[in-house]
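First up is the structure itself, then whatever we jot down about it.
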Amino acid sequence: MKKIKTATALMIAASMMFAFCACKNSSRQEAQTAKAQSGENAADAVLEMSGELFTDRDYDFSYAESSAVKILLENEISSSDSERVEIQGNSVTVKASGVYIISGSLENGQIVVDTDDTEKVQLVLSNAQINCDTSAAIYIKAAAKTFITLAEGTSNTLSNKDDFIAIDDNNIDSVIFSKEDITFNGSGSLEINAAYGHTIVSKKDMKFTGGVYSLNAKEHCLQAKNSIRIAGGTFNLNAQEDALHCKYEDDNSNTKGFVYISGGELRISAGDDALHTTRALVITGGTVNISQCSEGLEGEALNISGGDITIKSSDDGINAASGSSETDSGNPFASDGTSSVEISGGTIKIDSEGDGIDSNGDIIVTGGEIYIDGPENSGNGALDYGGTAEISGGTVVAVGDIGMAQNFSGGTQCSMLIGAQGAAGSELLLKNSSGETLLSYTAAKSFGSVLISCSALEKGENYILTCNGQETEITMSDTIYSSTGQNAMGGTGRGGENKRPNEGDFRPGGNPPNGDEIPGGEKAVRGLR
């Protein structure tokens with residue numbers, strides 16, 4: 001979500017007041033309003049069908065080598081002894097269902113799958129090297145479903161070298177291009193170098209259950225229309241645009257246009273967003289390590305219930321925004337009604353120049369561990385939301401600039417927002433009235449505010465927050481406590497709640513990030529439960 005900074009906003013930011021993020025108009029406004037009124041949530045819809053997202057066949061990468069069709073690739077003299085394979089020069093076409101083991105190399109050639117739309121095909125890559133200068137190295141033109149299996153102990157490489165030239169009425173724009181559902185499995189490795197376009201595109205569903213992937217893309221690494229689903233595999237993704245990109249615009253279905261990750265290990269460097277979807281982004285497990293991106297996780301509805309997630313971003317770490325860019329009311333600080341971030345498990349570490357977690361709608365935290373080294377600029381905050389932000393479980397530690405900081409707006413678990421200044425490397429200690437250390441945290445960069453919520457906090461109890469040797473006494477006079485004066489580290493603060501528009505001063509927006517590199521840091525949490 002992009003914000004606009006004004007002179008008034010700067011004055012209000014200096015007073016540490018609260019506000020909500022702006023949304024703008026789009027052609028999907030009516031559809032978004034209807035979804036908001038019906039209570040639909042794209043992430044919930046995906047979770048409801050999670051048991052059906054992968055079939056047994058997706059996981060099963062076995063095959064009978066003795067009965068499989070062999071295809072040996074060699075420039076101008078590729079060969080196969082099956083009538084189901086048609087070879088013309090360096091173009092090899094699979095014409096019927098079955099298992100095909102592909103080995104050898106083509107300097108400028110292509111594998112095409114063109115079968116009846118009821119037939120399934122398994123391509124087993126076994127030390128195959130295929131370059132196609134101006135089209136897809138593997139082109140799934142027609143099939144019910146295609147499985148690409150990486151044979152055990154093999155290394156496979158696919159690439160292109162030049163801009164795409166049309167070979168039919170399909171807009172081929174990737175090294176692997178599929179008009180139909182496609183699943184990747186196996187235990188071998190696959191390297192794809194896309195000098196132009198994307199590495200892998202599916203016009204329907206794309207799934208991964210195993211394999212080792214090194215994908216380098218001029219544009220997106222993985223792009224799908226219906227969904228991208230990852231249950232296993234190891235990925236090194238380097239994209240000049242998005243690493244994962246899923247976009248579905250034909251209707252307002254909540255069960256299409258989503259990204260689902262339940263396992264695997266993803267290491268990502270992206271020139272734009274790391275994971276981008278127009279609908280739901282659901283993470284239930286696995287490891288996602290984003291070393292560089294504009295925004296880390298972006299979608300309409302984000303649900304995180306597991307996994308180990310690390311994000312280093314030049315803009316927002318997590319951003320929930322619908323296709324709608326302005327609300328019906330015309331109030332730029334109101335919720336868009338459909339965007340949400342829900343976190344119930346996992347470990348999330350965010351190092352952002354923009355907002356740490358930004359939602360045009362709600363933020364709901366019921367579990368997990370969340371650590372945010374937020375912005376060092378006054379135009380963004382560690383938390384930013386346009387609806388409500390409620391916490392009823394888990395651990396949250398967020399440090400960032402004081403100018404635009406927000407506390408949670410409610411929930412059953414206590415949360416404190418304190419004005420505190422520190423440099424990168426500053427250690428924060430939170431102790432209870434008995435002197436027991438409840439939490440320690442080392443900031444990765446400078447900050448002016450500290451947000452803490454954990455199960456150890458109790459309403460009515462006294463606490464001491466130490467930063468750079470200075471102590472602040474805190475009495476949790478309410479579940480949601482805010483002491484945000486610039487000199488708050490010098491003494492006892494006051495309880496408070498977030499202010500909404502028309503309830504007093506609020507922050508209307510801020511600057512976009514400057515894109516500078518974000519320094520790292522280390523964190524430690526002890527004795528929280």
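Keep in mind that what you see is a predicted model, and the values were worked out from it rather than measured.
Listed by chain and residue number, Glu219, His220 satisfy the side chain to side chain contact (heavy atoms under 4.5 Å, CB included) test with Glu241 (two or more places apart in sequence, or in another chain). Listed by chain and residue number, Asn170 satisfy the side chain to side chain donor-acceptor pair (under 3.5 Å) test with Lys179 (two or more places apart in sequence, or in another chain). Checked against side chain to side chain donor-acceptor pair (under 3.5 Å), Asp58 has the following partners two or more places apart in sequence or in another chain: Thr55, Lys145, Thr183, Lys207. In terms of the side chain to side chain contact (heavy atoms under 4.5 Å, CB included) criterion, residue partners of Ala151 (sequence neighbours excluded) are, by chain and number, Tyr63, Val124, Ser126, Thr154. Applying the salt bridge (Lys or Arg N to Asp or Glu O under 4.0 Å) rule to Glu265 yields the partners Arg267; only residues at least two apart in sequence or on another chain are considered. Looking at residues two or more places apart in sequence or on another chain, you find a side chain to side chain contact (heavy atoms under 4.5 Å, CB included) between Glu458 and Glu461, Tyr463. A search for side chain to side chain contact (heavy atoms under 4.5 Å, CB included) contacts involving Ser50 returns Leu53, Tyr260, not counting sequence neighbours. Taking Ser135 as the reference, Gln110 meet the side chain to side chain donor-acceptor pair (under 3.5 Å) condition, with sequence neighbours excluded. Residues meeting the salt bridge (Lys or Arg N to Asp or Glu O under 4.0 Å) test with Lys120, sequence neighbours left out: none.
Counting heavy atoms from C-beta on, the side chains of Phe258 and Val282 never come closer than 4.5 Å. Contact annotation: the side chain of Leu215 approaches that of Leu222 to within less than 4.5 Å [non-hydrogen atoms, C-beta and beyond]. Taking 4.5 Å as the limit, some side-chain heavy atom of Leu150 sits within range of a side-chain heavy atom of Asn156. The closest side-chain heavy-atom distance from Ile111 to Leu73 is below 4.5 Å. Taking 4.5 Å as the limit, every side-chain heavy atom of Ile130 sits out of range of all side-chain heavy atoms of Thr157. Here the side chains of Leu266 and Thr234 are not in contact, with every heavy-atom distance at 4.5 Å or above. Side-chain contact between Ile370 and Thr395 is absent, with no heavy atoms from C-beta onward closer than 4.5 Å. Contact of the Ile309 side chain with the Thr287 side chain is not registered, since no non-hydrogen atoms from C-beta on lie closer than 4.5 Å.
The minimum heavy-atom distance between Asn160 and Ala195, with the atom names listed, is OD1-N, 2.8 Å. The minimum heavy-atom distance between Ala43 and Asn303, with the atom names listed, is CB-CB, 3.7 Å. Taking both residues in full, the closest heavy atoms of Glu342 and Asp44 are given as OE2-OD1, 4.3 Å, listed atom of the first, atom of the second, then distance. Nearest heavy atom pair, residue Ala320 against residue Val341, reads CB-CG2, 3.6 Å. In this structure, Gln421 and Asn468 approach most closely via the heavy-atom pair O-ND2, 3.4 Å. Contact record, Ser322 with Thr338: CB-OG1, 3.2 Å, taken as the closest heavy-atom pair.
At distances below 3.5 Å, at least one donor-acceptor pair connects side-chain atoms of Asp355 with backbone N or O atoms of Gly381. Judged purely by atom type and a 3.5 angstrom limit, Ser409 uses its side chain to pair as donor or acceptor with the backbone of Ala389. Distance alone, capped at 3.5 Å, is enough to place a donor-acceptor pair between the Asn377 side chain and the Glu353 backbone. Although no hydrogens or angles enter the test, the distance criterion places no donor-acceptor pair under 3.5 Å between the side chain of Gln122 and the main chain of Ile148. At distances below 3.5 Å, at least one donor-acceptor pair connects side-chain atoms of Ser449 with backbone N or O atoms of Gly400. Side-chain N or O atoms of Thr437 include none that pairs as donor or acceptor with a backbone N or O of Leu439 at under 3.5 Å.
Screening residues 269-289 for ring-ring contact (aromatic ring centres under 6.0 Å, His included) gives His245-His276 as the qualifying pairs, with residues at least two apart or on separate chains. Counting only residues at least two apart or in different chains, ring-ring contact (aromatic ring centres under 6.0 Å, His included) contacts with residues 224-244 comprise Phe208-Phe235, Tyr213-Phe235. Pairs passing the salt bridge (charged side-chain N to carboxylate O under 4.0 Å, His left out) check and including a residue from residues 194-204, sequence neighbours excluded, read Glu180-Lys204.
With rounding to the nearest 0.5 Å, the separation of CG in Asp273 from CG in Asn319 is 8.0 Å. With rounding to the nearest 0.5 angstrom, the CG atom of Leu302 is 5.0 Å from the CG atom of Leu281. Distance OG/Ser159 to CG/Asn131: 3.5 Å, rounded to 0.5 Å. Note that CD1 of Ile304 and CD1 of Ile348 are 4.0 Å apart. Values are rounded to the nearest 0.5 Å. In this structure, OG in Ser174 is found 10.5 Å from OH in Tyr139, a value given to the nearest 0.5 Å.
There is a side-chain donor-acceptor pair under 3.5 Å between Asn216 and Asn238. Under the 3.5 Å distance criterion, with hydrogens and angles disregarded, a donor-acceptor pair is assigned to the side chains of Ser62 and Asp60. The closest side-chain donor-acceptor pair between Asp362 and Ser340, if any, does not fall under 3.5 angstrom. A donor and an acceptor atom, one from each side chain of Gln413 and Ser453, are located under 3.5 Å apart. One side chain, Asn407 or Ser415, offers a donor N or O that lies under 3.5 Å from an acceptor on the other. For the residue pair Glu191 and Asn193, a side-chain donor N or O sits within less than 3.5 Å of a side-chain acceptor on the partner. Judged by distance alone, the side chains of Asp373 and Tyr441 do bring a donor and an acceptor atom under 3.5 Å apart. One side chain, Asn185 or Thr149, offers a donor N or O that lies under 3.5 Å from an acceptor on the other. When only modelled atom types and interatomic distance are considered, Glu376 and Ser446 share a side-chain donor-acceptor pair under 3.5 Å. There is no side-chain donor-acceptor pair under 3.5 Å between Asp316 and Ser352. Residues Ser378 and Asp401 have side chains that never bring a donor and an acceptor to within less than 3.5 angstrom of each other. For the 3.5 Å distance criterion, the side chains of Thr347 and Asp308 fail to qualify, holding no donor opposite an acceptor.
The distance between the ring centers of Phe164 and Tyr196 does not fall below 6.0 angstrom.
Arg279 forms no cation-pi arrangement with Tyr248, by the criterion of a distance under 6.0 Å to the ring centre and an angle within 45° of the ring axis.
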Might you work through the side chain to side chain donor-acceptor pair (under 3.5 Å) test for Thr310 and Asn289, ending with a clear yes or no?
CA-CA 5 Å; Thr310 302; Asn289 190 329; 4.9 Å; no
Worked check of side chain to side chain donor-acceptor pair (under 3.5 Å) between Ser103 and Asn127
CA-CA 5 Å; Ser103 59; Asn127 292 317; over 6 Å; no
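The side-chain contact (heavy atoms from CB on, under 4.5 Å) test with Ile138 is passed by exactly one of Ile102, Leu158, Thr146: Leu158.
Using a cutoff of 4.0 Å between basic side-chain nitrogens and carboxylate oxygens, Asp351 and Lys445 are scored as salt-bridged.
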